[in-house]
Amino acid sequence: MNDLWIVDNLKRIRERMNSACQSVGRKTEEVKLLLATKTVPVERIKQALDADETLIGENKVQELQQKYSLLQNDQTEWHFIGHLQTNKVKNVLKYVTCIHSVDRLKLGKALHKQLTKENRQIDILVQVNTSYEESKFGIVPEETLNLVEQLSELNTLNIKGLMTIGKLTTDGKETRKCFRLLKSIQQQIIQQNYPGVEMDILSMGMSGDLEVAIEEGATMIRVGTAIFGERIYPDSYYWNEKLSISE
Ligand SMILES: *Cc1c(COP(=O)(O)O)cnc(C)c1O
């Protein structure tokens, strides 16, 4: 049986995306919607796919693996948006076309080593900790150019842009600052002209702050709760390694 509310929620998200684009004179097609599906059962995800959504982001390798085996089809594209440990690299590469969370050279090198073995390439985004919160992963803004330059020497990694999680607060100004910072880092990287580096994707904005993100230049938003409902695990389970180990 279908929960029509998922289709309704999707419609509402598309409307929010449209009016945010309109408010700043952007075209709706400039912004992609990625379904953030952590903890969401496959039956529910399937309803979103039946409603013509095509882009899924998962946070944990094991969950990705399980869902992929049940939901995989020719239309759906899978991205990895969670913290990635180097020992999980080989597994994650079996399923995804883009990794949003590359935030250290060690991870880039681990990916490069495996991809070289498999004689292929992958799209990556560099995750930046624009809120400077200790609980968040991501490279700090000041070190991002340096990391991008180093990663650009690994020819199996197609650097496509940047990702961030905005500061989670009801103060829209604080969140906007994070997104503005990501945009300005993107501009600085473009000026450097690193060989092979593209900066077309800005992955930023979630259920609560997608309008602000779109106003500040997001080309991909990642939405979970506003489509699938509240999650049973706190986000710290996915975002903070120390907490997730002690669970
Ligand atoms: C869970 C998650 C999201 C979606 O957050 P919601 O507030 O549920 O929309 C986006 N990005 C990342 C990296 C996430 O882990």
Side-chain angles (χ1 to χ4, degrees), residues 5-6 8-17 20 31-41 44-45 47-48 53 55-64 67 77-85 88 92 95-104 107 123-131 133-139 160-172 174-176 178-179 182 201-214 216 218-244 247:
W5 55 270
I6 289 181
D8 282 346
N9 285 349
L10 274 171
K11 218 188 272 171
R12 220 163 294 142
I13 290 294
R14 290 286 176 191
E15 283 164 10
R16 284 175 63 187
M17 291 171 72
V31 186
K32 286 194 178 160
L33 173 61
L34 175 142
L35 310 174
T37 50
K38 58 177 180 263
T39 78
V40 178
R44 289 198 182 160
I45 302 172
Q47 289 169 40
E53 294 301 332
L55 193 50
I56 291 181
E58 278 288 341
N59 291 63
K60 297 247 179 208
V61 180
Q62 201 183 354
E63 207 175 320
L64 164 68
K67 289 177 181 171
E77 195 181 322
W78 297 72
H79 289 190
F80 194 78
I81 63 174
H83 178 63
L84 182 55
Q85 292 164 317
K88 303 269 171 72
V92 86
Y95 309 105
V96 303
T97 56
C98 180
I99 297 169
H100 290 223
S101 46
V102 178
D103 60 358
R104 58 205 192 279
L107 175 59
D123 292 349
I124 64 159
L125 308 179
V126 172
Q127 180 175 357
V128 185
N129 185 357
T130 53
S131 65
E133 289 165 290
E134 271 196 34
S135 63
K136 297 254 183 74
F137 292 108
I139 182 93
K160 295 287 186 186
L162 305 173
M163 183 273 243
T164 201
I165 299 172
K167 192 163 185 179
L168 302 176
T169 153
T170 47
D171 181 357
E174 287 292 311
T175 318
R176 190 179 296 278
C178 295
F179 298 150
L182 197 71
I201 302 181
L202 278 188
S203 168
M204 59 187 195
M206 316 195 301
S207 292
D209 54 24
L210 67 93
E211 284 87 355
V212 183
I214 289 173
E216 297 300 333
T219 64
M220 189 177 289
I221 60 171
R222 311 174 307 267
V223 182
T225 314
I227 297 170
F228 299 109
E230 292 292 334
R231 288 180 290 271
I232 47 174
Y233 296 104
D235 282 337
S236 56
Y237 178 70
Y238 284 90
W239 289 347
N240 188 309
E241 197 160 31
K242 287 167 208 137
L243 284 173
S244 77
E247 290 256 351

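Just follow the structure's listing: the first ligand is 1, and inside any ligand the first atom is 1. Values below: every heavy atom of this structure, side chains too, minus hydrogens, waters and symmetry copies.
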Note to self: Below a 4.0 angstrom heavy-atom separation, can you tell me which part of Ala36, side chain or backbone, both or neither, approaches ligand 1?
What the structure shows: side chain

Margin query: Tell me the contacting part of Lys38 for ligand 1: side chain, backbone, both, or neither, using a 4.0 Å heavy-atom threshold, strictly below.
Written below: side chain

Notebook entry, point to check: Non-hydrogen atoms of Arg231 versus ligand 1: any pair closer than 4.0 Å?
Noted result: yes

Short list, please: which atoms of ligand 1 are under 4.0 Å from a heavy atom of [X]?
X	answer
Thr225	6 (P), 7 (O), 8 (O), 9 (O)
Asn59	14 (C), 15 (O)
Val223	9 (O)
Gly224	4 (C), 6 (P), 8 (O), 9 (O)

Checklist line | Glu230 versus Thr225, side-chain donor and acceptor atoms under 3.5 Å | finding: no

Checklist line | Glu77 side chain to His79 side chain, donor-acceptor N/O pair below 3.5 angstrom | finding: yes

Item checked: Partner set under side chain to side chain contact (heavy atoms under 4.5 Å, CB included) for Ala213, not counting sequence neighbours -> Phe179, Met204, Ala218

Check: Quick one: side chain to side chain contact (heavy atoms under 4.5 Å, CB included) partners of Cys178, sequence neighbours excluded?
Finding: Thr130, Ser131, Lys167

Item checked: Donor-acceptor contact below 3.5 Å, side chain Ser101 vs main chain Gln127 -> no

Item checked: Pairing of Glu63 and Lys38 as salt bridge, 4.0 angstrom limit -> no

Item checked: Contact (N/O only, under 3.5 Å) between Ile81 and ligand 1 -> no

Checklist line | For atom 6 (P) of ligand 1, the option (of Gly229, Gly57, Ser207, Gly82) bearing the nearest heavy atom | finding: Ser207

Next item on the list: Could you grab the distance from atom CD of Glu211 to atom CD1 of Ile221, nearest 0.5 Å is fine?
Entry: 8.0 Å

